[in-house]
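What follows is a set of notes on a single structure, which appears directly below.
Predicted, not measured: the structure shown is a model, and the values here were computed from it. The analysis underlying the following values was restricted to heavy atoms, covering all of them including side chains, and did not include hydrogens, waters or symmetry mates. Letters A, B, ... mirror the listed sequences (proteins, then strands); counts begin at 1.
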Amino acid sequence: MAKLQPVRGTRDLIGEDARAHLHVIDAARATAGTYGYRPIETPVFEFTEVFQRTLGETSDIVTKEMYTFQDKGGDSLTLRPEGTAGIARAVLSGGLQNELPLKWCYAGPMFRHERPQKGRLRQFHQIGVELIGVAEPIGDVEVIALAAATLDALGVLPATTLELNTLGDNESRGAYREALVSYLEQFRDRLSEDSKQRLARNPLRILDSKNNDDRAVIADAPSFSDYLTPDAQTFFDAVRGGLDDLGIAYQINPRLVRGLDYYCHTAFEFTTDQLGAQGTVLAGGRYDGLIEMMGGQPTPGVGWAAGIERLAMLIGPTSTGPRPISVIGIGPAGEKAALKVAQDLRQTGFTIELNYRGGLKRGLRRADKIGAAVAVFLGEDELARDGATVRNLDDGSQTDVSLAELKDHLAEYR
RNA sequence: GUGGCUGUAGCUCAGUUGGUUAGAGCGCCUGGUUGUGGUCCAGGAGGCCGGGGGUUCAAAUCCCCUCAGCCACCCCA
């Protein structure tokens with residue numbers, strides 16, 4: 001047991017776990033499709049610079065959580081810690097800036113070397129959407145509406161709260177940052193160790209601290225809304241107005257900040273209190289500077305990503321599809337016939353379980369275990385009359401059916 | 001990366017102050033005669049007591065290290 005454990009922070013998806021996982025992806029893709037977002041797949045690893053330059057040299061993800069390695073050619077590669085940077089890279093690689101707006105949805109594994117706990121894995125999976133090339137606030141509104149629709153399709157929307165904030169434009173943020181730092185410097189010795197670090201690296205982060213001493217200091221800190229430029233304020237008002245028009249409820253959270261450097265203007269999160277400390281289920285925002293940061297023409301973008309594992313924990317049991325039909329061959333001739341009958345039924349769209357070994361008793365026992373609705377027997381008796389015996393496993397009733405009418409007889413179980 | 005809790009059969013868990021062949025329930029397999037499941041009865045398989053080291057005549061039990069999970073911090077999806 002200790003010998004072959006999965007790598008720390010990774011896990012196998014089996015049975016209901018696998019089903020729930022795929023269900024989340026299917027629902028997300030279907031919902032995104034109705035908004036006109038098309039699937040995109042990018043590689044799970046990229047050149048390290050793709051993440052280093054864009055996520056911010058000081059972010060925790062870049063400084064201590066990336067799986068970075070050298071490949072045999074000597075290039076530094078990194079397993080993607082998030083999806084947006086790779087997609088932005090794909091825009092540039094593919095010369096797609098002439099085809100704006102781009103509307104994409106994706107799903108796949110992400111990798112971060114963190115201490116695992118509930119809702120936090122080292123290989124985890126995200127679904128996400130990106131809207132690239134739309135600078136107008138209506139883009140933010142659409143993307144948030146799509147987020148809500150996705151959560152709704154999964155039945156988890158009522159369990160979440162939408163928190164909304166603006167990070168403003170560069171001008172607003174620069175001015176506020178300065179004001180915040182000079183305020184916090186006065187109380188430096190009252191801040192937690194973590195926050196002292198953050199003061200230099202990422203002061204906005206302190207606003208989000210859970211430390212009580214920090215909170216006391218933050219309570220009287222300057223408010224970001226006082227530093228928003230008129231443009232940034234107008235933008236934010238438009239986003240709020242759009243959400244109001246669509247009847248999407250949200251709470252303004254002035255302390256909502258982002259871990260990644262490429263965000264500006266709108267920041268939002270759908271959170272839940274049902275997942276312990278890892279309460280963020282879906283998070284996103286606007287990243288107008290990203291593509292330029294990678295060396296392209298300035299190109300606006302908005303998007304979000306959601307944790308599939310976290311969503312899977314919130315949804316109820318998923319449907320298992322139609323109950324199977326068990327086809328049981330008895331004796332060498334029966335087994336031969338069963339293989340053919342099973343094949344034929346499968347091609348007609350029935351869900352068929354074939355018994356591989358053992359006789360009728362064993363076949364029935366297995367049929368019961370897998371929850372089959374009916375069993376079809378094919379033995380010498382049946383072959384002699386060119387038919388099959390169909391047993392209803394719920395009430396035990398049996399009927400003789402000719403092979404020709406078998407499909408019709410089973411029709412209700414398809 | 002920091003702190004706390006946990007780790008005995010496939011699963012959920014017992015295991016007395018360290019003392020012989022480590023137990024239960026569920027699950028699994030076989031049988032209860034020839035072609036009838038679920039129930040019932042009988043039997044069976046399955047444990048490096050997470051791993052390594054130490055203390056002891058003797059360790060699942062005590063000590064140290066280590067690995068993993070969970071919870072919180074941190075971080076974030």
Per the atom types in the model, does the base of B:C75 pair as donor or acceptor with the side chain of A:Arg120 at under 3.5 Å? yes
With heavy atoms under 4.0 Å as the rule, sort A:Lys369 into base, sugar-phosphate or nothing. sugar-phosphate
Heavy atoms under 4.0 Å, any strand shown: does A:Gly9 hit a base, just sugar-phosphate, or nothing? sugar-phosphate
How about A:Asn211 and A:Ser209: does a side-chain donor come under 3.5 Å of a side-chain acceptor? no
What nucleic acid atoms does A:Glu382 come within less than 4.0 Å of, heavy atoms only: base, sugar-phosphate, or nothing? base
So for A:Arg362 and B:G37, does any side-chain atom that can act as donor or acceptor lie under 3.5 Å from a complementary atom in the base? no
Classify the side chain of A:Arg391 and the base of B:G35 as holding, or not holding, a donor-acceptor pair under 3.5 Å. no
Pairwise C1' distance for B:G32 and B:A9, with rounding to whole Å: 27 Å
Under 4.0 Å, heavy atoms only, any strand: does A:Glu82 hit a base, just the sugar-phosphate, or nothing? nothing
Compare the minimum distances between each of B:C28, B:G69, B:G35 and the side chain of A:Pro116, then state the nucleotide with the smallest one. B:G69
A:Phe124 over B:A77, stacked by centroid distance under 5.5 Å, angle under 30°: yes
Does A:Lys361 make a side-chain N or O approach to OP1 or OP2 of B:G37 shorter than 4.0 Å? yes
Just to be sure I understand: a Watson-Crick pair is purine N1 to pyrimidine N3 plus N6-O4 or O6-N4, both under 3.5 Å. Using that and G-U wobbles, which stems of three or more pairs involve RNA chain B? B:1-7 with B:67-73, B:10-13 with B:23-26, B:28-32 with B:40-44, B:50-54 with B:62-66
Contact list for residues 100-109 of chain A, test side chain to side chain donor-acceptor pair (under 3.5 Å), sequence neighbours left out: none
Quick one about A:Tyr67 and A:Gln123 (side-chain donor to acceptor, distance below 3.5 Å, no hydrogens or angles considered), yes or no? no
Contact class for A:Ala283 (heavy atom, under 4.0 Å): base, sugar-phosphate, or nothing? sugar-phosphate
Choosing from B:C70, B:G35, B:A77, which nucleotide comes nearest the side chain of A:Glu380? B:G35
Could you tell me the separation between the CG atom of A:Asn355 and the P atom of B:G35, rounded to a whole number of Å? 14 Å
